[in-house]
Amino acid sequence: MNVVDQITHSTGVPAQIVAIFIFAYGLILGSFVNVLIARVPVGQSLMTRSHCPKCNSQIAGVHNIPILSYLYLRGKCSTCKADISLLYP
């Protein structure tokens, strides 16, 4: 029995809903790990807002949703329209 089935069996929540939440949690965790990998080696603070590496403008919270915002913005900064690397989807 896999994790989704175990959660579905114990809670009664449909498997599709459980899978969506697990996927979303994975995206959020992966995004945070990516921030760690990008900022810690160069000594940047983890407490500052995300910003465009080209124009240095802060990224709005609504534009900081993994994958969805990248697709909505077509891989470009909302301010300067510079390309955003695939390392930051």
Side-chain angles (χ1 to χ4, degrees):
M1 185 178 283
N2 64 36
V3 174
V4 172
D5 290 337
Q6 289 175 352
I7 295 171
T8 298
H9 180 69
S10 66
T11 64
V13 176
Q16 295 86 352
I17 302 296
V18 172
I20 289 169
F21 275 102
I22 290 173
F23 181 73
Y25 181 74
L27 288 176
I28 293 165
L29 183 63
S31 179
F32 178 71
V33 169
N34 194 36
V35 167
L36 291 175
I37 291 168
R39 292 185 183 189
V40 170
V42 295
Q44 288 183 345
S45 171
L46 297 177
M47 303 309 289
T48 59
R49 300 264 319 258
S50 296
H51 62 277
C52 172
K54 303 286 189 221
C55 70
N56 223 21
S57 64
Q58 286 187 347
I59 297 174
V62 71
H63 292 156
N64 218 3
I65 302 168
I67 298 178
L68 297 177
S69 296
Y70 187 85
L71 294 173
Y72 175 76
L73 294 171
R74 296 183 174 95
K76 302 202 179 292
C77 171
S78 63
T79 304
C80 70
K81 307 301 182 216
D83 289 335
I84 298 172
S85 168
L86 282 174
L87 293 176
Y88 308 107

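Predicted model, so just to flag it, every value in this text is computed and none were measured.
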Excluding sequence neighbours, so at least two apart, what forms side chain to side chain contact (heavy atoms under 4.5 Å, CB included) with Ser45?
Met47, Thr48
Should [X] and [Y] be counted in the same cluster of Ile, Leu, Val, Met, Phe, Trp and Tyr side chains packed under 4.5 Å apart?
| X | Y | result |
| --- | --- | --- |
| Ile20 | Ile22 | no |
| Leu73 | Leu68 | no |
| Ile28 | Ile37 | no |

For the student: nearest non-hydrogen atoms of [X] and [Y], plus distance:
| X | Y | answer |
| --- | --- | --- |
| Cys80 | Lys54 | SG-CB, 4.3 Å |
| Ala15 | Val4 | O-CG1, 3.6 Å |
| Ser69 | Val62 | OG-O, 3.0 Å |
| Arg49 | Arg39 | O-NH2, 3.5 Å |

Which pairs pass salt bridge (Lys or Arg N to Asp or Glu O under 4.0 Å) with one or both residues in residues 55-76, sequence neighbours excluded?
Lys76-Asp83
[atom2] on [Y] to [atom1] on [X], rounded to 0.5 Å:
| X | Y | atom1 | atom2 | value |
| --- | --- | --- | --- | --- |
| Ile65 | Ile59 | CD1 | CD1 | 12.0 Å |
| Gln44 | Leu36 | CD | CG | 12.0 Å |
| Thr8 | Asn2 | OG1 | CG | 8.0 Å |
| Ile17 | Ile7 | CD1 | CD1 | 13.0 Å |
| Ile84 | Ser78 | CD1 | OG | 7.5 Å |

Please check if the number of heavy atoms outside His51 that lie under 6.0 Å from its NE2 is greater than 12.
yes
Below 4.5 Å, heavy atoms only, C-beta onward: do Val3 and Val18 meet side chain to side chain?
no
Do the side chains of Lys81 and Cys55 get nearer than 4.5 Å, heavy atoms only?
no
